[in-house]
Amino acid sequence: MNSTENTGRLLVISDIHGHKHGLSLLLSEAAYNPREDRLILGGDYINDTPDTWDTLDTIQALVQGGAQAILGNKETKLMNQPKEKTKAVRALIDWLHSLPAYIEEDGFLFVHAGFRPGVPLEDQTLKDMTEIREEFWGESDSVNDQPGTVIFGHTPTFRIGASPGELWRANRKIGIDTGAKHGCRLTLLDVHAQMTYSCSTAAGSMYEDLRIQDLNILK
């Protein structure tokens, strides 16, 4: 999916997993301005348990304000569950069906999990784009065969080789799931400025230890 051209910063965050307060904190710290900035939301906004599903209200409000959102595997799982839900949850599920699996912006491809190597972009499956793991990022000696740099989540970066709470980069791929679900960190990336805004999601320091870092990951 190609977006319309915009000015301003290009921001992306993924794998929020119910941490809507952390999301709001990072957007505030980054002084996100929906009239000027572009925000891409990278999927897995929720967990399997219903106590996190109200995070979708926050995501929907951000999209209504100008952000773009893609599907994660948690959302596709919710979409495929029987619809014995409240009216509000059914409405959210209907809205999820309208979301794309990937977004192209400024020479970057934003996807939740990754792409199947050797498969043209137009032939990628929703299952792969929301669930693939090592088949996508694990070939350390191969190059990314998709056009542009791929920015993805789904697999916590500490499981790929990055330090806990840090981004991962190799072969025109940038992993941004810094382990919010696992008590590490939730991270917002300012793509072109190469800056991150992150906070802890550890039980004893929830949404504390706020960090703003300058990076050099895109060169």
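Counting begins at 1 with the first residue of the sequence. Note that the structure is predicted; figures quoted are calculated from it, not measured.
- For Arg9 (side chain) and Glu36 (main-chain N/O), no donor-acceptor pair under 3.5 Å exists by modelled atom type.
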Donor-acceptor contacts, no H, no angles, side chain residues 55-64, under 3.5 Å, sequence neighbours left out:
from: Thr55; atom 1: OG1; to: Gly18; atom 2: O; distance (Å): 3.4
from: Thr55; atom 1: OG1; to: Thr52; atom 2: O; distance (Å): 3.1

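- Looking at Thr201, its side chain does come within 3.5 Å of a backbone N or O of Cys184 through a donor-acceptor pair.
- Formation of a donor-acceptor pair under 3.5 Å by the Lys173 side chain with backbone atoms of Phe136 is found in this model.
- Considering only heavy atoms from C-beta on, Pro100 comes within 4.5 Å of Ile103 through its side chain.
- Pairing each heavy atom of Gly118 with each of Pro120, the nearest pair is O-CD, 3.9 Å.
- With 3.5 Å as the limit, one finds no donor-acceptor pair spanning the side chains of His112 and Tyr102.
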(request) Apply the test side-chain contact (heavy atoms from CB on, under 4.5 Å) to residues Leu92 and Leu78: give CA-CA distance (whole Å), side-chain angles for both, the deciding distance (0.1 Å), then the verdict. (result) CA-CA 10 Å; Leu92 281 172; Leu78 178 60; over 6 Å; no
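- Proximity of a side-chain donor or acceptor of Asp15 to a complementary backbone N or O of His154 within less than 3.5 Å is detected.
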(request) Tell me, with the steps shown, if Ile151 and Val191 meet side-chain contact (heavy atoms from CB on, under 4.5 Å). (result) CA-CA 10 Å; Ile151 297 181; Val191 176; 4.1 Å; yes
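- Heavy atoms only, all atoms of each residue included: Tyr197 and Ile212 are closest at CD2-CG1, 3.6 Å.
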(message) Using side-chain contact (heavy atoms from CB on, under 4.5 Å), reason through Ile13 and Ile16 one step at a time and then give a plain yes or no.
(response) CA-CA 8 Å; Ile13 189 168; Ile16 295 160; 4.3 Å; yes
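- A distance-only check finds a donor-acceptor pair linking the side chain of Thr125 to the backbone of Asp128 [under 3.5 Å].
- For residues 20-32, the side-chain hydrogen bond (donor to acceptor under 3.5 Å, both in side chains) pairs, not counting sequence neighbours, are Lys20-Asp54.
- The ring-ring contact (aromatic ring centres under 6.0 Å, His included) contacts involving residues 43-68 comprise nothing, where partners must be two or more places apart or lie in separate chains.
- Residues Thr49 and Asp51 bring a donor and an acceptor atom of their side chains to less than 3.5 Å of each other.
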(request) Would you check, one step at a time, whether the test side-chain contact (heavy atoms from CB on, under 4.5 Å) holds for Leu186 with Leu25? (result) CA-CA 10 Å; Leu186 179 65; Leu25 171 67; over 6 Å; no
Which atom pairs, donor and acceptor, lie under 3.5 Å between side-chain atoms of residues 174-183 and protein residues at least two apart or in another chain?
from: Asp177; atom 1: OD1; to: Gly179; atom 2: N; distance (Å): 3.0
from: Thr178; atom 1: OG1; to: Arg185; atom 2: O; distance (Å): 2.8
from: Thr178; atom 1: OG1; to: Thr187; atom 2: OG1; distance (Å): 2.7

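- Atom CD1 of Ile70 sits about 9.5 Å away from atom CG of Leu99, to the nearest 0.5 Å.
- When every heavy atom of Ser14 is checked against every heavy atom of Gly42, the shortest pair comes out as OG-O, 3.1 Å.
- Within the 4.5 Å cutoff, the side chain of Leu39 has no heavy atoms near those of the Val12 side chain.
- Under the side-chain contact (heavy atoms from CB on, under 4.5 Å) criterion, Glu131 pairs with Asn73, Lys127, not counting sequence neighbours.
- Residue Gln213 holds its CD atom at 11.0 Å from CG of Leu189, rounded to the nearest 0.5 Å.
- One finds the OG1 atom of Thr196 at 8.5 Å from the CG atom of Leu188 (value rounded to the nearest 0.5 Å).
- Under the 4.5 Å side-chain criterion, counting only non-hydrogen atoms from C-beta, His192 is in contact with Phe108.
- Taking hydrophobic clusters as Ile, Leu, Val, Met, Phe, Trp and Tyr residues chained together by side-chain heavy-atom distances below 4.5 Å, Phe158 does not share a cluster with Ile160.
- In this structure, Ile46 CD1 and Lys77 NZ are separated by 9.5 Å, a value rounded to the nearest 0.5 Å.
- How far CG of Asn171 is from CH2 of Trp137: 13.0 Å, rounded to the nearest 0.5 Å.
- In this structure, CZ on Arg211 lies 8.0 Å from OG on Ser200, to the nearest 0.5 angstrom.
- The pair Arg116-Asp123 does not count as a salt bridge, with every side-chain nitrogen at least 4.0 angstrom from each carboxylate oxygen.
- Sequence neighbours left out, the pairs with a member in residues 59-76 that pass salt bridge (charged side-chain N to carboxylate O under 4.0 Å, His left out) are Asp48-Lys74.
- Ala162 and Leu167 make their closest contact through CB-O, 3.5 Å (heavy atoms, listed as atom of the first residue, atom of the second, distance).
- Residues Leu71 and Leu96 approach most closely at CD2-O, 3.5 Å, considering heavy atoms.
- Taking all atoms of both residues into account, the shortest heavy-atom contact from Thr155 to Arg159 is CG2-CB, 4.3 Å.
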